[in-house]
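Remarks on the structure that follows.
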Amino acid sequence: MSGVIVTDPPKAHPEDVEALAGYGVATVHEAMGRTGLLGPGLRPVQQDTRVAGTAVTVLSWPGDNLMIHAAVEQCGPGDVLVVTTTSPSTDGMFGELFATALLQRGVRGLVINAGVRDTAELRALGFPAWAAAVCAQGTVKATGGSVNVPVVIGGQVIRPGDVILADDDGVVVVPRERARRAAEASEARERKEAATRAAFLDGQLGLDRYGLREQLARLGVTYTSYEDHLRSGERP
């Protein structure tokens, strides 16, 4: 497998990245029309942590972390390292030593569609990571790959410089040219949810606030008393 290392790709504007950092993954995903989510397979090794940064992408051979070493050189302040493999892998391709090197370069976290190890050490270092697996299995450094090329995780294309937002709910990618619009849409959604939260605290039901009684009627869902339900012969 040959490859390429692309240097100095375009990146989302830092102000737009910071604006997105103020919102949760679920909010941004919904605000973008329920797109960009990298799926339920990527789980955090820590809790109560949210990061946002620009993607440095890595395409590696499974069980081989050579290209992660190459990618460290391409990483800088505000980046998030995003790693996937050419075929499924759960090997522990990333651990404490990589995290130490990336922290020195100002990298905000890792998203890897493979395995990580040294998870206690990663938490102690304060280096956030989202991974498809936790596995102590070691790797080799023997096969070429690529850095800063488009990669696919969970059916979503991640390009170098796109915004990666990750929290306890998962990981979402925001195309770099849509970052500002996504932040504005997320702000609008937050305002709408704040109004709904206040209504719920005041006792309003979602059935009424969202007009769902009419939806139930359109679907043919009816109300009946327990006794009438028993007399109808249906199980309660």
Side-chain angles (χ1 to χ4, degrees), residues 3-9 11-12 14 17-18 20-21 25 38 41-86 89-149 151 153 158-168 170-173:
V4 62
I5 298 171
V6 179
T7 62
D8 300 318
K11 295 182 178 183
V17 177
E18 293 310 309
L20 284 166
V25 165
L38 303 193
L42 298 175
R43 303 307 307 150
V45 303
Q46 66 289 309
Q47 290 186 317
D48 302 325
T49 298
R50 179 189 297 162
V51 301
T54 46
V56 172
T57 61
V58 181
L59 180 62
S60 288
W61 195 260
D64 190 317
N65 66 6
L66 172 62
M67 298 314 296
I68 299 180
H69 282 280
V72 171
E73 183 181 26
Q74 304 305 316
C75 291
D79 286 333
V80 172
L81 185 63
V82 179
V83 181
T84 192
T85 52
T86 56
S89 175
T90 58
D91 294 341
M93 297 175 63
F94 185 100
E96 174 196 3
L97 295 179
F98 271 138
T100 300
L102 290 176
L103 282 171
Q104 291 301 110
R105 302 181 75 85
V107 174
R108 293 178 176 176
L110 167 78
V111 173
I112 182 168
N113 193 27
V116 294
R117 59 185 187 176
D118 304 333
T119 54
E121 289 82 358
L122 293 181
R123 289 189 290 271
L125 283 170
F127 186 83
W130 285 257
V134 174
C135 183
Q137 175 66 46
T139 58
V140 299
K141 302 166 181 59
T143 313
S146 294
V147 176
N148 279 333
V149 299
V151 298
I153 299 177
I158 303 107
R159 301 167 304 163
D162 285 347
V163 182
I164 297 293
L165 180 67
D167 62 18
D168 286 352
V171 184
V172 67
V173 57

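The model shown is predicted, which means the values in this text are computed figures rather than measured ones.
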By side chain to side chain donor-acceptor pair (under 3.5 Å), E73 pairs with (sequence neighbours left out) none
When rounded to the nearest 0.5 Å, the distance separating CG of D91 from CG of N65 is 10.0 Å
Rounded to the nearest 0.5 Å, the OG1 atom of T49 sits from the CG atom of D168 at a distance of 7.0 Å
**Asked** Within the distance-only criterion (no hydrogens, no angle test), does the side chain of D64 pair as donor or acceptor with the backbone N or O of A142 below 3.5 angstrom?
**Response** yes
Q. Hey, does Q137 have a side-chain heavy atom less than 4.5 Å from the side chain of T90?
A. no
Separation between CZ (R108) and CG (L81), nearest 0.5 Å, reads 14.5 Å
Looking at side-chain heavy atoms only, is the closest gap between I5 and M67 below 4.5 Å?
yes
Note: V107 and L103 closest approach over all heavy atoms is O-CD2, 4.3 Å
Residues A114 and A131: closest non-hydrogen pair is O-CB, 3.7 Å
| query | Could you walk me through whether L110 and L102 pass the side chain to side chain contact (heavy atoms under 4.5 Å, CB included) check? | reply | CA-CA 9 Å; L110 167 78; L102 290 176; 5.6 Å; no
All heavy atoms of A12 vs all of V163, minimum pair found to be CB-CG2, 3.5 Å
Do T57 and R159 pass the side chain to side chain contact (heavy atoms under 4.5 Å, CB included) test, and can you show the C-alpha distance, the side-chain angles, and the key distance before you say yes or no? CA-CA 7 Å; T57 61; R159 301 167 304 163; over 6 Å; no
One should read off an interatomic distance between I68 CD1 and I112 CD1, to the nearest 0.5 angstrom, of 4.5 Å
Q.
Measuring only between side-chain heavy atoms, which start at C-beta, is I153 closer than 4.5 Å to V82?
A. yes
Between the side chain of R50 and the main-chain N/O of L165, is any donor-acceptor distance below 3.5 Å? no
Shortest non-hydrogen pair, L122 vs A129, comes out as CD1-CB, 4.3 Å
ask   = Would you say the side chain of L59 lies within less than 4.5 Å of the side chain of T86, judging by non-hydrogen atoms?
value = yes
request  = Answer yes or no: is there an ion pair linking D79 with K11, defined by an N-O contact shorter than 4.0 Å?
outcome  = yes
Rounded to the nearest 0.5 angstrom, the CG-CD distance for L125 and E96 is 5.5 Å
| Is the shortest heavy-atom distance from the side chain of T85 to the side chain of N113 under 4.5 Å? | no
**Q.** Side-chain heavy-atom pair N148, V56 within 4.5 angstrom cut-off
**A.** yes
Margin query: Taking C75's backbone N and O only, do any of them form a donor-acceptor pair with R105's side chain (distance below 3.5 Å, no angle check)?
Written below: yes
Is the closest side-chain heavy-atom distance between L66 and T143 below 4.5 Å? no
Correct closest heavy-atom pair for P62 and S89 would be CB-CB, 3.6 Å
What one should report as the nearest heavy-atom pair of I158 and A55 is CG2-CB, 3.9 Å
Quick note, ring pair (Phe, Tyr, Trp, His ring centres under 6.0 Å) partners involving residues 102-147, not counting sequence neighbours, are F94-F127
Are the side chains of V58 and M93 in touch, meaning some heavy atoms are under 4.5 Å apart?
no
